[in-house]
Amino acid sequence: MNQYIHDNTEDELSHELFINAYLVSKGAEPVNLDRFRTLPSSKATGAQQIGRLTNLMQLTVDTTWFTRYRSRTQNPDFGDMLPQAIPTLAVGQHPAIPRTDDDVQPGDFLQAIGNTAGFHFATIEQGGSSLYPQLAQRVTNPEVLRILLAIGGTEIMHFQTWSDKAGNAPPVSNAIDPVTGVSVTFPDLNSPPLGGEDFQTNLIMPEPTVFLNKKFPPCSIIRPTKTRGAARGALKALTADGLFIGQSKAFFRFMETLAIEADLAQRENF
């Protein structure tokens, strides 16, 4: 798992550097978020004490991707709402990394932190898997389209990897956070109300579902891919996730501006 984390991080850093270099090559301003690196680091041994952009210690994780990618009849592009795979993870705030050395004690709570991290990785990467094809539909320039398709493909690789890891999460019953008192339960995902052929945890490829029009046969696809409000939807999801708890109003204004500009892009005729 540590190798996957390092590879995933290297990929994302390369995306940031490449996109900013490409913007500069076209005479555009690069995006620099360094002034918003103000959030505190974990105090656990080994954590670098540097300013952070994101908060991994107070997450509310949406796990509907697990049921969405296994449904043969529902697709968010049609307005369908899928159930949470881990309902208690979508309620309250949960750490996905140890906050202090007190969290690094053998037992259910430490396992719950690891399980939360596994599911959170997949939650983030399924968002990227949808965002790139959503924005690609607004692109006119073939070179920019090439960039979106090429980077988007790596996001799908990330999602599949973490989907597999999340499926390996050991069951944990009523693990209670000793600091906040919030509890979380990771059920056996191969048992009811999930379980069965379409929900076995080693299914890491999208099950066929409805696409474009319900008159067509089911198709194995990334979903959702509707483009309206895609960037603002992604920002809303990341904010609801808790990643930005503690960030400044200036940060949210800046991010909202970027998202609005992306959603205002219009595909032109060649």
Side-chain angles (χ1 to χ4, degrees), residues 1-26 28 30-31 54 62-72 75-77 82 117-168 201-212 216 218-235 237-238 241 243 258-259 261-263 265 267 270:
M1 190 167 180
N2 61 333
Q3 183 61 54
Y4 290 162
I5 292 171
H6 285 293
D7 283 351
N8 202 143
T9 301
E10 182 181 40
D11 290 353
E12 302 296 2
L13 291 174
S14 76
H15 296 165
E16 175 203 356
L17 293 173
F18 178 86
I19 290 171
N20 267 338
Y22 186 78
L23 288 170
V24 170
S25 77
K26 301 301 180 182
V31 177
T54 55
D62 181 353
T63 59
T64 57
W65 58 265
F66 188 91
T67 54
R68 179 193 318 150
Y69 272 90
R70 287 164 170 76
S71 175
R72 294 176 179 268
N75 180 343
D77 284 335
L82 282 296
F119 270 92
H120 187 253
F121 263 110
T123 296
I124 295 297
E125 299 299 347
Q126 63 81 29
S129 295
S130 284
L131 185 60
Y132 280 91
Q134 286 172 322
L135 296 182
Q137 295 172 69
R138 294 184 175 273
V139 169
T140 299
N141 185 285
E143 189 171 64
V144 176
L145 179 61
R146 180 180 178 184
I147 292 170
L148 288 169
L149 295 178
I151 292 179
T154 66
E155 300 297 334
I156 295 170
M157 293 180 188
H158 296 165
F159 173 41
Q160 189 173 53
T161 296
W162 293 112
S163 177
D164 188 36
K165 283 295 181 184
N168 291 333
T201 51
N202 62 353
L203 286 181
I204 57 173
M205 300 176 192
E207 295 305 301
T209 194
V210 291
F211 184 45
L212 295 182
F216 296 133
C219 182
S220 180
I221 54 165
I222 296 298
R223 62 258 206 181
T225 54
K226 270 191 174 179
T227 187
R228 184 176 181 182
R232 277 173 288 183
L235 177 59
L238 293 173
D241 182 73
L243 269 181
L258 288 180
E261 289 176 349
D263 283 336
R267 184 175 177 85
F270 288 103

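The residues of the chain are indexed from 1 along the displayed sequence.
Tested against E125 for a side-chain hydrogen bond (donor to acceptor under 3.5 Å, both in side chains), the candidates T154, N8, T161 yield a single pass: N8. With T225 as the partner, the side-chain contact (heavy atoms from CB on, under 4.5 Å) test is satisfied by one option alone out of L131, D77, L212: D77.
S130 pairs by the side chain to side chain contact (heavy atoms under 4.5 Å, CB included) definition with Y69, Q134, I222, P224, not counting sequence neighbours. Every side chain to side chain contact (heavy atoms under 4.5 Å, CB included) that V24 has, sequence neighbours left out, goes to P30.
No more than 12 heavy atoms of other residues, nucleotides or ligands sit less than 6.0 Å from atom OH of Y4. Residue M1 places its CE atom among more than 12 non-hydrogen atoms of other residues, nucleotides or ligands, all under 6.0 Å distant. Counting non-hydrogen atoms of neighbouring residues, nucleotides and ligands closer than 6.0 angstrom, the CZ atom of R146 reaches no more than 12 such neighbours.
A distance of 7.0 Å separates CG of D62 from CZ of R68, quoted to the nearest 0.5 Å. Remark: F159 CZ to T123 OG1 distance equals 8.5 Å, nearest 0.5 Å. The CD1 atom of I204 sits 4.5 Å away from atom CG of D164, with the distance rounded to the nearest 0.5 Å. Taken to the nearest 0.5 Å, the CG atom of L235 stands 10.0 Å off from the CG atom of D263. Distance CZ/R223 to CD/E207: 8.0 Å, rounded to 0.5 Å. The structure places CZ of R138 at 14.5 Å from CG of L145, a figure rounded to the nearest 0.5 Å.
Counting heavy atoms from C-beta outward, H120 and L243 have side chains that approach closer than 4.5 Å. With contacts defined as side-chain heavy-atom distances shorter than 4.5 Å, the pair I156/Y132 does not qualify.
Contact between A259 and A231 at its shortest, heavy atoms only, is O-CB, 3.5 Å. Here the closest heavy-atom approach between residue L135 and residue A230 is recorded as CD2-CB, 4.3 Å. Scanning all heavy atoms of the two residues, the minimum distance from L82 to S71 falls at CD1-CB, 4.0 Å. In plain terms, the two heavy atoms of V210 and N75 that are nearest each other are O-ND2, 2.9 Å. The two residues L203 and R70 come nearest to each other via the heavy atoms O-NH2, 2.8 Å.
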Exercise. List the steps, then state whether side-chain contact (heavy atoms from CB on, under 4.5 Å) holds for V144 with Y22.
Key: CA-CA 10 Å; V144 176; Y22 186 78; 3.9 Å; yes
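Put simply, the side chain of S163 never gets that close to the backbone of Q160: no donor and acceptor are under 3.5 Å apart. A donor-acceptor contact shorter than 3.5 Å is absent between the side chain of E155 and the backbone of I151. Judged purely by atom type and a 3.5 angstrom limit, S220 uses its side chain to pair as donor or acceptor with the backbone of P206.
Between F119 and F66, the ring planes are tilted. Angles from 30° to 60° get that label.
Residues E12 and H15 have side chains that bring a donor and an acceptor to within less than 3.5 angstrom of each other.
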